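All values reported here derive from a predicted model rather than from experimental measurement. No hydrogens, no waters, no symmetry mates; every other heavy atom, side chains included, goes into these values. In listed order, ligands and their atoms are each counted from 1.
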Amino acid sequence: MQKFISLNQIDEIAQKIKSQISIQPIAGIILGSGLNGLADSVADAVYIPYSDLPNFPVSTVHGHVGRFVIGKLEDKPVMVMQGRIHYYEGYTMGECTLPVRVMQRLNIPSLIVTNAAGGVNPDFSPGDVMLITDQLNLMGMSGLNPLMGPNLDEIGPRFPDMSQPYDKVLCDLTRKVAKENGIGLQEGVYAGLSGPSFESPADLRFLRLIGVDAVGMSTVPEVIVARHGNMRALGLSGISNKANLDGSTITTHEEVIEAGKVITPKIEKIIRGVLRGL
Ligand code: HPA
């Protein structure tokens, strides 16, 4: 794999997927840790393992399956990523965000991203769902922006605007759907860190101080790449644990997966409602 992914490499993957499906997805959906369940309810599904695709990274994390599931949810054609690729697995930023590039070349207009996150806002509890209204690109600020390298001019500009990472119309629709379903929805700013170590108490106090509500190890690069190619983005964080601001509790991956069981049905209801409204 060369350092940066070319349009030809992206198109090779997109063509291979296109040859196996007969629908045009209207939304790409990325499922986070412990939130894989939604992919199982996709109707008329075509399964494409990442390992069948040329140059495609494969997720190595427990709780992530590693395939595209393309079919219908609420009768709307969707392309679901069951298992995402994280930077901490050792892949490049370009590899981590390659699935979004492929979605763009398949002319998918909207991206719904989900993740498991630590609740930094003291009002959040494990099991809550947070609508991401904005994001803090801490990885990018330290030099890890997924758009570094040659710009893909066919997809978007060298210096893309990032004033509205999360689409306001999709956010409003999400609020409406959550209300209709009696799901309490938190809202806030998501900070993306590289991981894989969880945060220290000092990290977490810093994050709170700079206005972060939830923290995780994904999503931000994917949304930057989505916006670069003018895809509309919607982000949902499942709060899997409370941030350990004073060091009195520990955070484990098992806890994250366990919380996913409570969060998945809520996120599924929200995504189904949003899809109905698209
Ligand atoms: N920190 C970072 N990522 C996470 C967390 C956390 O506390 N919980 C789930 N993903």
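Side-chain atoms of T219 and N115 form a donor-acceptor pair, as typed in the model, at a separation below 3.5 Å. Q186 and D128 are linked by a side-chain donor-acceptor pair at a separation below 3.5 angstrom, with hydrogens and angles left out of the test. A donor-acceptor contact under 3.5 angstrom links the side chains of H228 and R101, judged on distance only.
Only the backbone of A117 comes within 4.0 Å of ligand 1, judged by heavy-atom distances. Counting heavy atoms under 4.0 Å from ligand 1, residue N241 touches it through the side chain alone.
What sits closest to atom 5 (C) of ligand 1 on the protein, heavy atoms only, is G118 N, 3.4 Å. In terms of protein heavy-atom proximity, atom 1 (N) of ligand 1 is nearest to E199 OE1, 2.8 Å. Nearest non-hydrogen protein atom to atom 9 (C) of ligand 1 is S240 OG, 3.3 Å.
A perpendicular orientation is assigned to the rings of F68 and Y50, their planes being inclined by more than 60° (bins at 30° and 60°).
The N/O atoms of A116, backbone and side chain alike, include one that comes under 3.5 Å of an N/O atom in ligand 1.
When the options V120, V215, T251 are ranked by their closest heavy atom to atom 4 (C) of ligand 1, first place goes to V215.
Close approach of ligand 1 to M217 (heavy-atom distance below 4.0 Å) involves ligand atoms 2 (C), 3 (N). Atoms of ligand 1 lying under 4.0 Å from any heavy atom of G216, numbered from 1 in the order shown and given with element: 2 (C), 3 (N).
Linking Ile, Leu, Val, Met, Phe, Trp and Tyr whenever their side-chain heavy atoms come within less than 4.5 Å puts I26 and V69 in one cluster.
Counting only distance, with no hydrogens or angles, the side chain of Q20 and the backbone of I17 share no donor-acceptor pair below 3.5 Å.
Smallest separation of non-hydrogen atoms from E199 and L204: CB-CG, 3.5 Å.
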